[in-house]
Amino acid sequence: MSNNRGSFSGKIGFVLAAAGSAVGLGNLWRFPYLAAQYGGGIFLLVYLILTITFGFALMTAEIAIGRKAGLSVVGAYRYLDKRFSFMGYISAIIPMIILPYYSVIGGWVTKYLFAFATGDSKEAISDTYFSTFTSKPIEPLIWFLIFIALTAIVVLFGVDKGVERVSKVMMPVLVVLTIFISIYTMFLPGALEGVKYYLTPDISKFSVKTVLAAMGQLFYSMSISMGIMITFGSYLKKDVSIEKSVKSIEWFDTGIAFFAGLMIVPAVFAFSGGNEEALGQGPGLMFVTLPKVFDVMAGGTFMGITFFLLVLLAALTSSISLMETIVSIFQDKLGLGRKMSCLIVIGICLLLGIPSSLGSGIWSEIKILGFQFLDFFDFISNSVLMPIVALITCIFVGYIIKPKSLIEEVELSGPFKRKNLFVIVIKYFAPVCIVLILISSILSGFGIWSI
């Protein structure tokens, strides 16, 4: 273990950085439309139950692995069992795939914030603005580079002076903005019906698909199986409680997702007159429908600026965590300095990010397994590799190194109150759920069966 890897100053810094990783674009647009689609209150209840069981166990395992090994994801698995060295490499690939295309979307968010801030909001609400912008060859690349540069600047400053310090500022601001916009939108004409729709359980919509959708969102939202939590765990001091930290991260992540639903669903519901289809547009919900909502509300330009600032902060906290994870891998594995590692990561981002950007425009006819570049990278990382990593991690912890080895690591900083739950979930519940997620995600990705 290198003595120059850096570390978080304490629990608060670690929790805010880890929560910043978990809170991202998935919370602000994916969670609201999934909650709306799968019965509102029922989806929220299922998601909460899975968070405090499934999510808790997997996140605790990854953080404990990282802290026990004191290494990034590539070295951590090898440190605990040389036969599982391959897991470190598979895990390392995931953030390398996600960061480039995530940064392309982050560039889109930056562009929209600029449009609202410079008085171009009227243009941004047109039906063709988003598709016209993303299909351009040069301008999206410029915003992609700006977003990558913002991310790299923070990571260059290191763990405590960069990642932790920025997270301590960004996360409280993000929370305040989310709550502010949520309260504001709930008072729009017709929004109350959207609040009822979002919060009232619709039992008729509960199904296996509801559970699978909630589990899939949990992976997407909580930064599980990306190597991030293992890397952040390696920076965590031995006297910081892992169990309490995970609990705090869960509350941050779920709270932001919940308020994002209160922010988006009532607003879109009011604008569309209760049309449920308007809630299921994915990226289009953020970039097409919401700008129109801001246009018709009082103080819409201000709200548009505030909203896209919020989304940009959320995107940056996640991209910073992704880049820090990759930088840590190069530092540990190749013995490189932080600056050189950052330059290599930027190179990887350009190599994979440029096709992701051009895939919406002049390269749109080029497909991989029927997917455009960005969609393919999203599918292979989120729907295939992440469930595989999570499944093997459960087998690794549950049956190879045994849960006891990680329980001992957690108990270094105090009693592990939920250790029985941890063992049951890791050994029995999580593996079954993950297999179902993997099968359903692959089938859904190829249009055979849709969640």
Side-chain angles (χ1 to χ4, degrees), residues 22-55 98 102 105 178 182 185 194-225 250 252-269 272 274-290 293 310-311 314-315 318 375 378-379 381-383 386-387 390 433-434 436-445 447 449-451:
V23 174
L25 297 176
N27 297 71
L28 295 177
W29 65 263
R30 197 170 187 268
F31 183 90
Y33 79 72
L34 284 177
Q37 186 176 350
Y38 292 103
I42 285 291
F43 181 88
L44 292 175
L45 179 62
V46 170
Y47 185 83
L48 181 60
I49 292 171
L50 289 173
T51 297
I52 61 178
T53 55
F54 182 86
I98 293 176
Y102 193 91
I105 301 174
T178 304
S182 300
T185 55
V195 174
K196 293 178 181 177
Y197 177 82
Y198 177 59
L199 296 179
T200 304
D202 186 349
I203 298 176
S204 66
K205 290 188 177 182
F206 177 79
S207 66
V208 174
K209 289 185 177 182
T210 305
V211 179
L212 290 176
M215 285 193 293
Q217 171 62 18
L218 200 65
F219 267 97
Y220 196 92
S221 178
M222 293 186 69
S223 295
I224 296 171
S225 301
E250 288 175 334
F252 260 110
D253 181 71
T254 306
I256 292 293
F258 174 77
F259 279 106
L262 281 180
M263 173 174 62
I264 291 175
V265 174
V268 177
F269 196 96
S272 64
N275 181 8
E276 295 183 26
E277 292 183 4
L279 295 168
Q281 297 181 36
L285 179 65
M286 181 186 299
F287 296 110
V288 179
T289 304
L290 278 174
V293 174
L310 164 66
V311 178
S318 292
D375 295 330
D378 179 63
F379 171 74
S381 58
N382 283 281
S383 300
M386 284 167 59
C433 292
I434 294 165
L436 293 175
I437 291 172
L438 180 60
I439 294 171
S440 64
S441 295
I442 292 174
L443 293 177
S444 178
W449 184 75
S450 179
I451 292 180

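In this chain, numbering begins with 1 at the start of the sequence shown.
The minimum heavy-atom distance between A260 and L28, with the atom names listed, is CB-CD2, 3.8 Å. Annotation for V211 and V46: closest pair CA-CG1, 4.0 Å, computed over non-hydrogen atoms. Listed here is the closest heavy atom pair of T178 and M263: O-SD, 4.5 Å. Taking both residues in full, the closest heavy atoms of Y198 and A35 are given as CE1-CB, 3.7 Å, listed atom of the first, atom of the second, then distance. Scanning both residues, A315 and Y102, for their nearest heavy atoms gives O-CE2, 3.3 Å. Across all non-hydrogen atoms, the minimal contact from V265 to G194 is CG1-O, 3.9 Å.
One distance of note links CD1 of I105 with OG of S318; it measures 11.5 Å at 0.5 Å rounding. Here the straight-line distance linking atom OG1 of T254 with atom CG of L48 works out to 6.5 Å at 0.5 Å rounding. Put simply, CG on L34 and CG on L44 are 11.0 Å apart, with the number rounded to the nearest 0.5 Å. Remark: I49 CD1 to F54 CZ distance equals 14.0 Å, nearest 0.5 Å. Annotation: the span from D375 atom CG to S383 atom OG amounts to 10.5 Å, rounded to 0.5 Å. In this structure, L212 CG and L50 CG are separated by 9.5 Å, a value rounded to the nearest 0.5 Å.
Each of S223, S225, S441 was compared with M386 under the side-chain contact (heavy atoms from CB on, under 4.5 Å) criterion, and only S225 meets it. When each of I442, I434, I224 is checked for a side-chain contact (heavy atoms from CB on, under 4.5 Å) with P387, only I434 meets the rule.
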Chi angles and distances behind the side chain to side chain contact (heavy atoms under 4.5 Å, CB included) call for L199, F258: CA-CA 10 Å; L199 296 179; F258 174 77; 3.5 Å; yes

How far apart are the C-alpha atoms of T210 and I42, what are their side-chain angles, what is the distance that settles it, and do they pass the side chain to side chain contact (heavy atoms under 4.5 Å, CB included) test? CA-CA 8 Å; T210 305; I42 285 291; 4.1 Å; yes

Chi angles and distances behind the side chain to side chain contact (heavy atoms under 4.5 Å, CB included) call for M222, Q217: CA-CA 8 Å; M222 293 186 69; Q217 171 62 18; over 6 Å; no

Ring pair (Phe, Tyr, Trp, His ring centres under 6.0 Å) between Y47 and F31: does it pass, once the steps are laid out? CA-CA 10 Å; Y47 185 83; F31 183 90; 5.1 Å; yes

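Counting heavy atoms from C-beta on, the side chains of L262 and T185 never come closer than 4.5 Å.
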